[in-house]
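What follows is one structure encoded as structure tokens, with my remarks underneath.
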Number of protein chains: 2
Amino acid sequence: MDREWNIGEASKAASLPVKTIRYYEEIGLVIAPRSENGYRCYGDTEIHKLRFVQRARSLGFSIENCRTLLSLYDDKNRASKDVKKIAEEHLREVDAKIRELQSLQENLTHLVEHCAGDTRPDCPIIDDLSAPAIEARKTNPRIH
Amino acid sequence: MDREWNIGEASKAASLPVKTIRYYEEIGLVIAPRSENGYRCYGDTEIHKLRFVQRARSLGFSIENCRTLLSLYDDKNRASKDVKKIAEEHLREVDAKIRELQSLQENLTHLVEHCAGDTRPDCPIIDDLSAPAIEARKTNPRIH
DNA sequence: ATGGGGGCTCCAGTAGCTGGAGGGTCAAGG
DNA sequence: CCTTGACCCTCCAGCTACTGGAGCCCCCAT
């Protein structure tokens, strides 16, 4: 049937906020043609692409990865190894982030467990944060 | 002995980049007095504060949390429960983030395992991303 | 005097949106 | 025919926590 939708309907169809869809167009990710009144005009193809991006983003792929995945999605002669490579790289990043956060979690749990949490001023958390040395610590990952 | 240091020395003492220290001053986190030539001038107090923030940031506390923790650090009549509350809240956020990433990890691992990764165009990863429904999925967390 | 290694400020950019101002468009109801 | 309200549009600013660079000043050693 290839109906056409305006941005509000596309938003519901793709589970993406209107603002986000406009942003994706601005960065050249999914571009919709315009109708006479200047409104964006979404056909089946654009809706599919928006949903594709929505799903990829929900899996934590970066916008740049989404761009590459979209072009592979369009390319019917793509090799599955090209896609797999991106997914594996992303998976490695996710793994690394989990390990980093788990190390944080251990540190924080330890600190919280040793703090009385009452009305007295003595606080092992503050004491730890005020400790002089940096090098002496075991784990000290930077957060970004 | 309360020597005084310029920003480069403070940077080494606190394990923070010079740019970051200037940024912390700009946002009112740790402010150093100036010497006659306009250079920032760090005494023991400021160095301690910078190190405090460096450590808190490395534990993943937000800048705003660091601001609160610093004021509690300054306040010798603080109650340890005020500090503990911030740490516990942060720990809950870390826990939530880990769970979210683990869910991602499962999804991605599953996808990667089912992709041949060869030169043929068939790709279960692309197929999954192109799947029509959103609601039908089990897990679909947004990333921020 | 000159060269190098500091220091200074201000501006712009990163990722991925989100909110708001200020305005145009469209369909329904009075 | 006019108004109301729900849409749509663009442009600008802001969020987090920095980071990089330009263009300039300052201090010390040779």
Side-chain angles (χ1 to χ4, degrees), chain A residues 4-42 46 50 52-70 90 93-94 97 100 104 141-144, chain B residues 4-42 46 50 52-70 90 93-94 97 100 104 141-144:
Chain A
E4 301 197 318
W5 297 271
N6 57 24
I7 201 169
E9 292 157 329
S11 164
K12 277 161 207 154
S15 307
L16 282 171
V18 166
K19 279 269 180 184
T20 302
I21 297 178
R22 279 199 276 254
Y23 172 69
Y24 287 167
E25 178 168 307
E26 190 188 320
I27 62 172
L29 200 55
V30 179
I31 296 163
R34 302 297 179 107
S35 26
E36 286 191 1
N37 58 10
Y39 286 16
R40 286 169 185 83
C41 186
Y42 295 85
E46 287 80 24
L50 286 174
F52 183 98
V53 173
Q54 187 282 331
R55 173 76 176 139
R57 290 287 302 129
S58 81
L59 285 172
F61 287 97
S62 71
I63 292 284
E64 281 321 298
N65 275 342
C66 288
R67 206 185 288 280
T68 310
L69 289 170
L70 258 188
H90 177 43
E93 288 165 15
V94 170
K97 193 75 195 174
E100 187 181 316
L104 265 183
R142 294 307 305 265
I143 306 304
H144 294 295
Chain B
E4 301 198 317
W5 298 272
N6 58 24
I7 201 169
E9 293 157 328
S11 163
K12 278 163 205 150
S15 309
L16 281 171
V18 166
K19 279 268 178 185
T20 302
I21 296 178
R22 280 199 274 254
Y23 171 70
Y24 288 167
E25 178 166 308
E26 189 188 321
I27 61 171
L29 199 56
V30 179
I31 295 162
R34 303 294 179 110
S35 29
E36 286 191 1
N37 58 9
Y39 286 16
R40 287 171 185 82
C41 185
Y42 295 85
E46 287 79 25
L50 286 174
F52 184 97
V53 173
Q54 188 281 331
R55 173 75 178 137
R57 290 287 302 128
S58 80
L59 285 172
F61 287 97
S62 71
I63 292 285
E64 281 321 297
N65 275 343
C66 288
R67 206 185 289 279
T68 310
L69 289 170
L70 258 187
H90 177 43
E93 288 165 15
V94 171
K97 193 76 195 172
E100 188 181 315
L104 264 183
R142 293 308 302 266
I143 306 304
H144 294 296

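The analysis underlying the following values was restricted to heavy atoms, covering all of them including side chains, and did not include hydrogens, waters or symmetry mates. Each chain gets a letter, A, B and so on, in the order its sequence line appears, and its residues count up from 1.
For B/R34 and C/dT9, the shortest distance from a side-chain N or O to OP1 or OP2 is below 4.0 Å. When the side-chain nitrogen and oxygen atoms of A/Y24 are compared with OP1 and OP2 of C/dC17, one or more of them lie within a distance under 4.0 Å. Within the structure, every side-chain polar atom (N or O) of A/R57 is placed at least 4.0 Å from both OP1 and OP2 of C/dA15. OP1 or OP2 of C/dT18 lies within a sub-4.0 Å distance of a side-chain N or O belonging to A/T20. A sub-4.0 Å separation between OP1 or OP2 of C/dC8 and a side-chain N or O of B/R22 is present.
Across all non-hydrogen atoms, the minimal contact from A/I7 to A/R22 is CD1-CG, 3.4 Å. When all heavy atoms are compared, the tightest approach of A/C66 to A/F61 is SG-O, 4.0 Å.
The interatomic distance linking B/I21 (CD1) with D/dT19 (C1') rounds to 14 Å, in whole Å. In this entry the distance linking CD of B/E93 with C1' of D/dT16 reads 14 Å, nearest Å. Counting to the nearest Å, the C1' atom of C/dT18 and the OH atom of A/Y23 are 11 Å from each other. A straight line from CG of B/L16 to P of D/dT19 spans 9 Å, rounded to a whole angstrom. One atom, OH of A/Y42, and another, C1' of D/dC7, lie 14 Å apart when rounded to the nearest Å. Rounded to whole angstrom, the span from the CD atom of B/E26 across to the P atom of D/dC15 amounts to 12 Å. If you take CG of A/L29 and C1' of C/dC17, they are 13 Å apart, rounded to a whole angstrom. Here D/dA17 presents its P atom at 13 Å from CZ of B/F61, a figure rounded to the nearest Å.
Residues A/K12 and A/E9 are not paired through a salt bridge, judged by the lack of any N-O separation under 4.0 Å between the basic side chain and the carboxylate. Between A/E100 and A/K97 there is a salt bridge, since a side-chain N of the basic residue sits under 4.0 Å from a carboxylate O of the acidic one.
Here CZ of B/R57 is found 11.5 Å from CG of B/L69. Values are rounded to the nearest 0.5 Å.
Counting heavy atoms from C-beta on, the side chains of A/V30 and A/F52 never come closer than 4.5 Å. When side chains are defined from C-beta on, A/T20 does not count as touching A/Q54, because their heavy atoms never get closer than 4.5 Å.
Within the 3.5 Å criterion, the main-chain N or O of B/L59 finds a donor-acceptor partner in the side chain of B/H90.
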Please step through side chain to side chain contact (heavy atoms under 4.5 Å, CB included) for the pair B/I63 and B/Y24, ending with a clear verdict.
CA-CA 9 Å; B/I63 292 285; B/Y24 288 167; 3.6 Å; yes
Starting from the C-alpha separation in whole Å, work towards a yes-or-no answer on salt bridge (Lys or Arg N to Asp or Glu O under 4.0 Å) for A/R67 and A/E64.
CA-CA 5 Å; A/R67 206 185 288 280; A/E64 281 321 298; 3.1 Å; yes
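Relative to the axis of its first five pairs, the axis of the last five pairs of the helix from C/dA1-D/dT30 to C/dG30-D/dC1 sits at 40°, rounded to 10 degrees.
Residue B/R40 is in sugar-phosphate contact alone, with no base atom involved, counting any heavy-atom pair closer than 4.0 Å across all strands shown. The residue A/I27 sits apart from the nucleic acid: no heavy atom pair falls under 4.0 Å.
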Any N/O pairs under 3.5 Å between the protein and nucleotides 21-28 of chain D? List them or say none.
unit_1: D/dG21; atom_1: O6; unit_2: B/K19; atom_2: NZ; d: 2.2

